[in-house]
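Letters A, B, ... are given to chains in the order of the sequence lines, protein chains preceding strands, and every chain is numbered from 1.
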Amino acid sequence: GPEVVSGPGADPTCFAPWSAETKFLQWPAQEGPYRIAVVNGFVGNTWRIQMIKTAKAFAEDPAIKDKIAEFKVVSTGTDAPAQLGAIEDFINQGFDAIVTIAVSPDGFDRVIRLADRENVVLVPFDNVLDTDAVMQVNEDQTEMGRKWAQFIIDELAAQGKTGGKILEVRGLAGNSVDRDRSAAIHDTFAASGGDWEIVEVVGNWDDGTAQKVTADAIAVHGQFDAVAAQGGTTGVVQALIDAGHPMVPIAGESENGFRKLVAERSADGLKGISIGQSPGLVAIAMKAAVSALEGNVMPQLISVPLPVATYDQLEDGTNYWSDLPDNFFTVNEFPPCGVNISGPAIMSQSEADVN
Amino acid sequence: MSAQPFLQLAGISKHFAGTRALENVDFACERGTIHGVLGENGAGKSTLIKIIAGVLKPDSGSMQIDGQFVEFSRPSEANAAGVVCIFQELSLVPDLTVADNICLATPPRRLGMIDRRAQREFAEAVLARIKCEDVDPNTLVRDLSLSRRQMVEIAKALGKSPRLLILDEATSALTRNDVETVYELLADLRQENVASLFISHRMNEVERLCDTLSVFRNGRHVETFAKGSRTDRDVVRLMIGREVDAQFPPKPAAMARPPHLSVGNLVWENRLKGATLSVGKGEIVGLGGLDGQGQKELMLALFGVLRGVEGRVDVGGVGGAPSSPATAKRDPRRICLVPEDRKTEGLMLPMSIADNLLAASYSRVSVGPFINPGQERKAVDAAIAKLQIKVGSPQDAVATLSGGNQQKVVIAKWLMTDPEVILLNDPTRGIDVGTKQEIYRLMRQLADEGRAILFYSTDYAELIGCCDRVAIMYDGAIVADLTGADINEEAIVGASLNIGTRAPEAVS
Amino acid sequence: MQTALSRLRPEDRPVFISAGFIVVILILGTVYTLATQGTAPLFSPNYLLQQLQTGSFLGIVAAGMMMVILLGHIDLSVPWTLAAAAMMATAVGGDLALPTGIAVGVAVGLVNGLGVAYLRIPSMIFTLGVDSVMRGLMVWHTGGFAPQDKATPLMRMLAAEKLFGVPLAIFVWAAVSLVIVLLLTRTAFGRSVYATGNREAAAYLSGIRTRWVIVGAFVASGVCAAIAGILLAGYSTKAYQGMGNAYLLPAIAAVVIGGTRILGGQGRYVGTLVGVTLIVLLNSVLSIMQMPEAGRQVIYGSVIIGMLLVYGRGSRNLGG
Amino acid sequence: MTSLGTAMRQNRGFYGAVVLLAAFYLLYNLLHPRGFSTAVLIQNANESVAIVFVAMAQTIPVLLGGLDLSVGAVMTLAACIASVLVNGSPLQIVFGMVVTLAAGTAFGLCNGLIVVYGRLQPIIATLATGAIAMGLALFIRPKPGGDIDGDLNWALTNSLWDFVDTYGLFDPDTVWFAPVSWIPVPLLIIVVFGACVWLPFRRTVIGRTIYATGSAEGAAYMSGLPIDRAKIAAFTLAGFFAACGGLYLAIQTASGNADITQAGAYTLNSIAAVVLGGTSLLGGVGGAIGSIIGALILRVMSFYFRILSIDPLLQPLVEGVVLLAAVSLGAFRVLRIKNRLELFR
Ligand SMILES: Nc1ncnc2c1ncn2[C@@H]1O[C@H](COP(=O)(O)OP(=O)(O)OP(=O)(O)O)[C@@H](O)[C@H]1O
Ligand SMILES: Nc1ncnc2c1ncn2[C@@H]1O[C@H](COP(=O)(O)OP(=O)(O)OP(=O)(O)O)[C@@H](O)[C@H]1O
Ligand SMILES: [Mg+2]
Ligand SMILES: [Mg+2]
């Protein structure tokens, strides 16, 4: 297993430690090239598909290609034993690093123990584990919630409002990401001292559900002063438009469709902030795994900067693409890390494949 | 013997939604007797025994067994009191083995678990008692023929050591040999002082077997009398409440008829082995023989149910066996089949009488793609009237009809399609004398209208009384074709056992 | 109350009881909104029409599902049939969008029907397999072909626009309902569905082409799922993976709450309509009350059980 | 010989499944770099326990001719309960396990009571109670977590050697222990439950009543069998097995997670496993051992993605097609049937 060492870690612009308290870990250096596996859970939404494509593309990236001897991706569905089993199987097969999106923030004790025994680097990202025994890669969900809420507070303040009715469209119930983001939103509003009423609806991070619950909320509550949506943001905006609701400040995810709508309607008042959990995280996790295998000192928790875009920063062809589908996630690349696979690049790559 | 009858019912009444199945019935049954129960379809016989056996609860009235008042709320309680019943609808579990079925409710146990060895031995013993050694206790009941199943059912009842044994038409599908065995068995039981209640529509069986007869009509107990104290004619009159004349309608004079349906060398799996047969228009051809000699398969083959049938089939000039019942029933063949088991193959029990009647002839009441409600109603009413089906409303579920009326619904359903070839697979099984007569008359009438009728029956009297010709099947082939005066019991039985003098005509 | 209930004909009971329950839900919801915000929007035509609009997707899915349930079968492939129809429709786009979507529904229905009717694999398991095949196809499609996902203007219009103040989607639902009702009550096919659902052997021996009937019902279900998918894509302005996930269990629940026997053979379409409305309003009111997921699940389950218990159906079926 | 032949014919589905599993698993081990090793066996067994239990749970209502759509939810509920209770002193741990199993069993009992006395179709009654079970699970575990005893986690997810070693029962390297020390504990759990609960149960009157009821309810009633008790017992036992699955899941993951999608997937997979194992959805034919085989087949199919190089975006398609193909294997029966009436059984 890794040793806890003192910092600083390798390549701090890319592998930024989460906070000052973050531990640093070091694995014994191993000879490359390495065998790396990605164990995904659920597949069946665009984010995951984009993530898998990014992983495949990044494995072919010249910067890392020579360091990888074998690369496998499996998706196990939302079945915890199957995911744990796949990880263990790859450990048994002698893989050197395993990158994973955990289906549950708990329950990895056994595979962590096995991985440590075999000196396998296990790197959860996106849905991370409630443990500090493994190296993990993620964006700061609390920070995201805080930024969303602050943006709304600021925008409303610019309109001269210090209170009002906010619609919060939440994600999947029971998920820690949903919990962290929502808590941060509530805390930030509370901290601002204004007179806020927050109406919560559950949108499951899914456009259709989010659209329906937003429409319902409007029908029942009339008008909102702003909207904070964790996901399915395109659907949320569509519901506003369909209901003839005035365009109000909105905080949301990084779907292309949302950015398109904000770009189109920000002049009407749809002042939006778009921050997203990027499918490109997988590339950073892979890069971190390789770096750890090379024996570098790594932060236990790697914080990937939030890709923020506000309505005044949107630029067609740069951070959103009006000619591309709504569903894909705009932020994919992380230049400080040498991860330069943009969303459209992935799309065009496969279009070329299909020709 | 104690002075009291073993079973005594007083003032039993039972109503179903809309029908009065039993009305203030008093009834008694003595130890050491075989007691026959007679009555038309729907007279309430089955309802009576269901009450005795704890399947149904009477609305009012009391029941005593051995002088004790009893109230059974489920069949197991009746079994515990020594009342064992073989129901009209078989009560075997098809996916369990014969041995499992025979010991179903109270198997021999060791350490709380079923002792399969003891169970098997027990089953073998009981089966041996009814001369069914050929039935392997390890086969699934599903794989047995109907007649074997009925024997297993009897074995199962026997295994419960009954003090009162009830047989509700339990011999309707049995072969002649088995019937004899059952007679002997009942006689033995009588020796052992067991009371038996025997329900059958076959008068001769009842005559031969029973000591006492009770007649039911319209839910009432009409009369109980000792065997021999009434003539057949009287008994029938008691049952249907009117005089009946000749049982069978007169046959027309024999004449040569060109074959309308003709079958040559029909082969299917190992059940049909070169059957050859023809039926002319206006002719009723009986199909006889022991049970399970391929009669059912022959009909199914003609109706397009079997796959991989080889041989020549010709129906009104159209060659080849139809590929499905849907093809069979339509022009140009127009074949219909009244199947063996009306409850599973003939009817959709929970659906209404009207829906069942229409099931084969939607196109006849449709205008364009749509069913016309007016035509629909008219057709249904006509069918009900034609066969005099006793119904409350055509919208009632067909399950609420008695067995005989259910059978009429099946026949009426097919008559609505105006068939030219009518295949009847034992259509009078479990049907009372009155209704039987109606069916015989109807068959003759249909034949006179120029239809070709093939009529399988397990009852020799029917074959003799109804048919212009009788073909006897043995081991998948027709071994005899009897006409005119040759149609007699002796010839039929001889040919059925294939001990007849004739060489099979089939293979020519 | 008890006597009034028992005076209803058994097949009418589910309809009246569900309808009564709908009113109860609306009243409870209104009590809540009055208490919290002092308004009673739930009885406003605006709110009700909107519920029917979003309910129409579920309603159309349930209509198809009912055909299959009447046969004693079930169609678990609805989620990805719906998504696949929508995704293929938007991927093809233009005038061909609608026909493409419907064709997907027909194709899936045919595969389901052939598997169930000809191979005689239990529908519970075959349609489950088909669902995962469809999901696999759509993952592959999205990953490999960079498909366009934008709803065409026609799809958009059908789902979101209004005619005389009534959303067009409701008209589509009504049209589908009309077709299904006619089919079930006035055609040989519909009667055959009931007959086959009651006892397939007897139906077959009555010369009904039961295999075609089964195939037909599955095609109907596939087409209904496809229509719902097309509408939903129009409503959301785009198609996306997983858009059908929320429709399977509610559709089954709606059909059953509406009084259709899950084993087949019995059921009326009005019941399904009422069942759908009930489920839609229940979900909406729970969402308005900001009921946490845990409570929602419990209420949802209790309502289904409670309703069925009140119907008092399912008397012991002997001689089965 | 004839009786063996009869048994083979009567259980064609089951033997077919055994052969299929053997073939799949052998090939997997041949292809795996560390095939036929204890480590691989342990991993495979661990991954299979939960689905095996849920499949066993599903079997019993299916034998009755019903379906239990709540098994996945009951498993989840049990896992959530276990994640709260299974920790502390050994006594507390045992107490937690007992409560977990009792809760699942009680939930199954409720299912049975509702089905029997409410006279509801099992499939729809359990669809609803499944939602209730999920709701309860969410109340107990609004978010994933829990602290299940770590030793227990390690001991029950490894070989007997590790089990003995973890609890220091005796020297795990003693000579007499060597021949069995490699056996994975999860495998042992499956075998023990199959042999000590299911097989005896099957031989009881209640067990047989379940078969009889599934095959012909009317006949079973007329024969005086205790149908109501059998139905209640069937759902209760289903609840028990589902709870066993949940308990193991909780121990295996050392936590509980009220995941609705996972619960749904387990329910559907349990039905697939039951069918693959040769149990008829019409009831009356089959058994839980077959379902164990069926569940293992489902699992083994997914193992292949880890050793073969299949495009990750094609994997779901391959998975679906293989599942469809596997369940279609039974259809060969249909092609052999010469009397079309037999199709309608
Ligand atoms: N479950 C039921 N529901 C409604 N009516 C019934 C039911 N069972 C029987 N009946 C009616 O009760 C009457 C008596 O039926 P029963 O079955 O006892 O007649 P049966 O004498 O046995 O006739 P068969 O000789 O045809 O068997 C019939 O009119 C029948 O329609
Ligand atoms: N009832 C059935 N169930 C499943 N598969 C069947 C069935 N009948 C036929 N098949 C299969 O369908 C194909 C056509 O067979 P077959 O010739 O028996 O159909 P058919 O009876 O001619 O159809 P139709 O009734 O429309 O004429 C064959 O592959 C056969 O194995
Ligand atoms: Mg009777
Ligand atoms: Mg053909």
Self-check item: Positions in residues 154-161 of chain D that reach chain A, provided some heavy atom is under 4.5 Å away
Solution: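 Only D:W154, D:T157, D:N158 of residues 154-161 of chain D have a heavy atom under 4.5 Å from chain A.
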* Taking the side chain as every heavy atom from C-beta outward, state whether D:T253 and A:L84 have any pair of such atoms under 4.5 Å apart. =>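 Counting from C-beta outward, D:T253 and A:L84 do come under 4.5 Å.
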Measure [X] against the heavy atoms of chain A and call it side chain, backbone, both or neither at under 4.5 Å.
X      : result
D:D311 : side chain
D:A39  : both
D:P142 : backbone
D:R299 : side chain
D:L298 : neither

Output the option from D:A254, D:P33, D:S37 having the highest count of non-hydrogen pairs under 4.5 Å with chain A.
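Ranked by heavy-atom pairs under 4.5 Å with chain A, first place is D:P33.
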Counting distance only, does the side-chain N/O of D:Q315 pair as donor-acceptor with the main-chain N or O of A:V73 below 3.5 Å?
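Yes, because the side chain of D:Q315 sits within donor-acceptor range (under 3.5 Å) of the backbone of A:V73.
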Within the side chain of A:Q93, is there an N or O that forms a donor-acceptor pair under 3.5 Å with the backbone of D:R306?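 Answer holds: yes.
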- Query: Considering heavy atoms only, which positions within residues 128-144 of chain A lie below 4.5 Å of chain D?
  - Reply: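 Interface residues of residues 128-144 of chain A: none, nothing closer than 4.5 Å to chain D.
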- Message: Within this structure, what is the CD1-CG distance for the pair D:I260 and A:L172, rounded to the nearest 0.5 Å?
- Response: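 These two atoms lie 8.5 Å from each other.
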Self-check item: A:D89 side, atom CG; D:E47 side, atom CD - distance, nearest 0.5 Å
Solution: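 These two atoms lie 7.5 Å from each other.
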Does any heavy atom of chain D fall under 4.5 Å from the side chain of A:V103, the backbone, both, or neither of them?
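Just its backbone gets close to chain D.
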Open item on the list: Under 4.5 Å from any heavy atom of chain D, what part of A:V74 do you find: side chain, backbone, both or neither?
Closed with: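 Backbone plus side chain of A:V74, per the 4.5 Å heavy-atom cut-off to chain D.
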*Determine, for A:D180 against D:K143, whether the closest basic-nitrogen to carboxylate-oxygen distance falls under 4.0 angstrom.*
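Not counted as a salt bridge, because no side-chain N and carboxylate O are separated by less than 4.0 Å.
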